[in-house]
Colleague: 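If you scroll down you'll find the structure; I have some questions about it.
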Amino acid sequence: MIAKKIQIVEVGPRDGLQNEKEWVRTETKIALIEKLAEAGITKIETASFVSPKWVPQMRDAFEVLSGIERRPGVTYSVLTPNLKGFERALEAGTTEVAVFGAASEAFSQKNINCSISESVERFRPVVAAAQKNRIRVRGYISCVLGCPYQGEVPVDMVVNLAAQMSEMGCSEISLGDTIGIGTPMQAKNMMESVAEKVPLSNLALHFHDTRGQALANIYACLELGVSVIDASVSGLGGCPYAKGASGNVATEEVVYMLHGMGIETGIDLEKLIETGRFISDAFGRMPQSRVSSAL
Ligand code: HMG
Ligand code: MG
């Protein structure tokens, strides 16, 4: 049942860097993305076309996306919350975009300044425009295992939003434990419920590691047959609109675990570790990955 091959979606340049307070130079962002591609990652979330007032660190999204030396076979995706963002992303040469909503009303308001139902109406024209341009759209759902503002999130909220995003044309739904609060059986049950409405092959895991549960939660969902996992090199990241959220699970940890289980990722772990060290050095920090520290 466990997939033999897993697609890693590297979200460090977006989810990771969006949370950095100090300005990260455009050249550093581009170098990070190019090194990740060299390490064998075939899907890299590179930036967000969001309001620069909301997330100042992403204000050079256009320069980053258009400045990357692209490698054949690699997809460079971006976040586009509305048509304005989508049009800029298209101009910068995007080939995959993501819209992002939440299963919690409180978080939706804080993160994208609208209710869940308003967000769905905002996504429709983005998805339609993307389809017209033959661009794949991923749909994110935040707070699938809990919310920093409202606490518990009923699983039905996750299932309903996933079904709506899927019906409108999102080809993949990434389920976000934004504040790393869930535990394995909860994660597995949530995935099973969503998989009743959206094919499991169209679901991805996006687990932050705030409480050290991410790998265990991923393993629990792998047993269901999930084959797409989001991760962030060196465990960079967090969401500026989720109080107390720390980074995503480190890509190094996920790749180490998967390779140890005989699962293919196409990633060169040594090069990935070097990339994690490159970005940690740029911030004058130690890499957050324990695999990196051990090796
Ligand atoms: P708003 O203020 O409601 O939007 O923000 P608005 O349409 O009223 O526009 C306000 C201003 O923003 C205007 O500028 C617009 O032009 C500008 P002004 O006239 O005041 O000068 N604007 C834009 N500028 C550039 N690009 C755009 C854009 N749209 C409007 N696309 C909006 C609504 C969604 C734009 C805002 O709330 C926003 O940018 N939010 C982004 C928040 C964000 O990026 N959060 C982090 C990413 S999500 C995440 O990390 C979770 C995830 O990892 C999964 C998980 O872990 O759970 C995905
Ligand atoms: Mg995230």
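All ligand and atom numbering here is 1-based and tracks the order in the structure. Note that the structure is a prediction, hence the values are computed from the model and not measured.
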Colleague: Can you find an N or O of K84 that's nearer than 3.5 Å to an N or O of ligand 1?
Modeller: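 N/O-N/O distance below 3.5 Å exists for this pair.
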Colleague: Please work out which of S48, S51, G101, A102 has its closest non-hydrogen atom nearest to atom 17 (C) of ligand 1.
Modeller: S51
Colleague: Quick one: angle H206 NE2 - the Mg ion (ligand 2) - D15 OD2, to the nearest 10°?
Modeller: 90°
Colleague: Between R285 and E22, is there a side-chain N and carboxylate O pair less than 4.0 Å apart?
Modeller: no
Colleague: Would you indicate whether the side-chain heavy atoms of F62 and F49 approach each other to under 4.5 Å?
Modeller: yes
Colleague: In terms of side-chain geometry, is the basic nitrogen of K35 or E38 positioned less than 4.0 Å from the acidic oxygen of its partner?
Modeller: no
Colleague: Considering distance alone, does some N or O of G176 sit under 3.5 Å from an N or O of ligand 1?
Modeller: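 Min N/O separation from ligand 1 is not below 3.5 Å for G176.
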Colleague: Would S142 count as being in polar contact with ligand 1, using the rule that some N or O on each side must be under 3.5 angstrom apart?
Modeller: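 Yes.
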Colleague: Determine, step by step, whether E63 and K29 satisfy the salt bridge (charged side-chain N to carboxylate O under 4.0 Å, His left out) criterion, reporting the C-alpha distance in whole Å, the side-chain angles of both residues, the deciding distance to 0.1 Å, and the verdict.
Modeller: CA-CA 10 Å; E63 290 73 20; K29 290 171 176 150; over 6 Å; no
Colleague: Work out whether the distance between some heavy atom of R14 and some atom of ligand 1 is less than 4.0 Å.
Modeller: yes
Colleague: Is it the side chain, the backbone, both or neither of F100 that has a heavy atom closer than 4.0 Å to ligand 1?
Modeller: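 For F100, only side-chain atoms sit under 4.0 Å from ligand 1.
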Colleague: Given N19, V55, N248, L145, which one has a non-hydrogen atom that is nearest to atom 44 (O) of ligand 1?
Modeller: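 It is V55 whose heavy atom sits nearest to atom 44 (O) of ligand 1.
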Colleague: Would you say P52 contacts ligand 1, with heavy atoms under 4.0 Å as the rule?
Modeller: yes
Colleague: Tell me whether R14 forms a cation-pi arrangement with Y140, defined as NZ or CZ under 6.0 Å from the six-membered ring centre and within 45 degrees of its axis.
Modeller: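 Geometry flag: set, cation within 6.0 Å and 45°.
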Colleague: Hey, is D209 close enough to R290 for a salt bridge, meaning N to O under 4.0 Å?
Modeller: no
Colleague: Between F107 and Y149, what is the ring plane arrangement, given parallel below 30°, perpendicular above 60°, and tilted in between?
Modeller: parallel
Colleague: Say whether V50, considering both its backbone and side-chain N or O atoms, lies within less than 3.5 Å of an N or O atom on ligand 1.
Modeller: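 Indeed, backbone or side chain, V50 has an N or O that close.
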Colleague: Report yes if D177 has an N/O atom closer than 3.5 Å to an N/O atom of ligand 1; otherwise report no.
Modeller: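 No, there is no polar N/O contact under 3.5 Å.
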Colleague: For R122, counting its heavy atoms only, list the atoms of ligand 1 lying under 4.0 Å from any of them.
Modeller: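 Reading through ligand 1 atom by atom, the close ones are 33 (C), 34 (C).
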Colleague: Looking at ligand 1, does K53 have a heavy atom less than 4.0 Å from it?
Modeller: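 Contact present.
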Colleague: What N, O or S atom of H208 is found closest to the Mg ion (ligand 2)?
Modeller: NE2
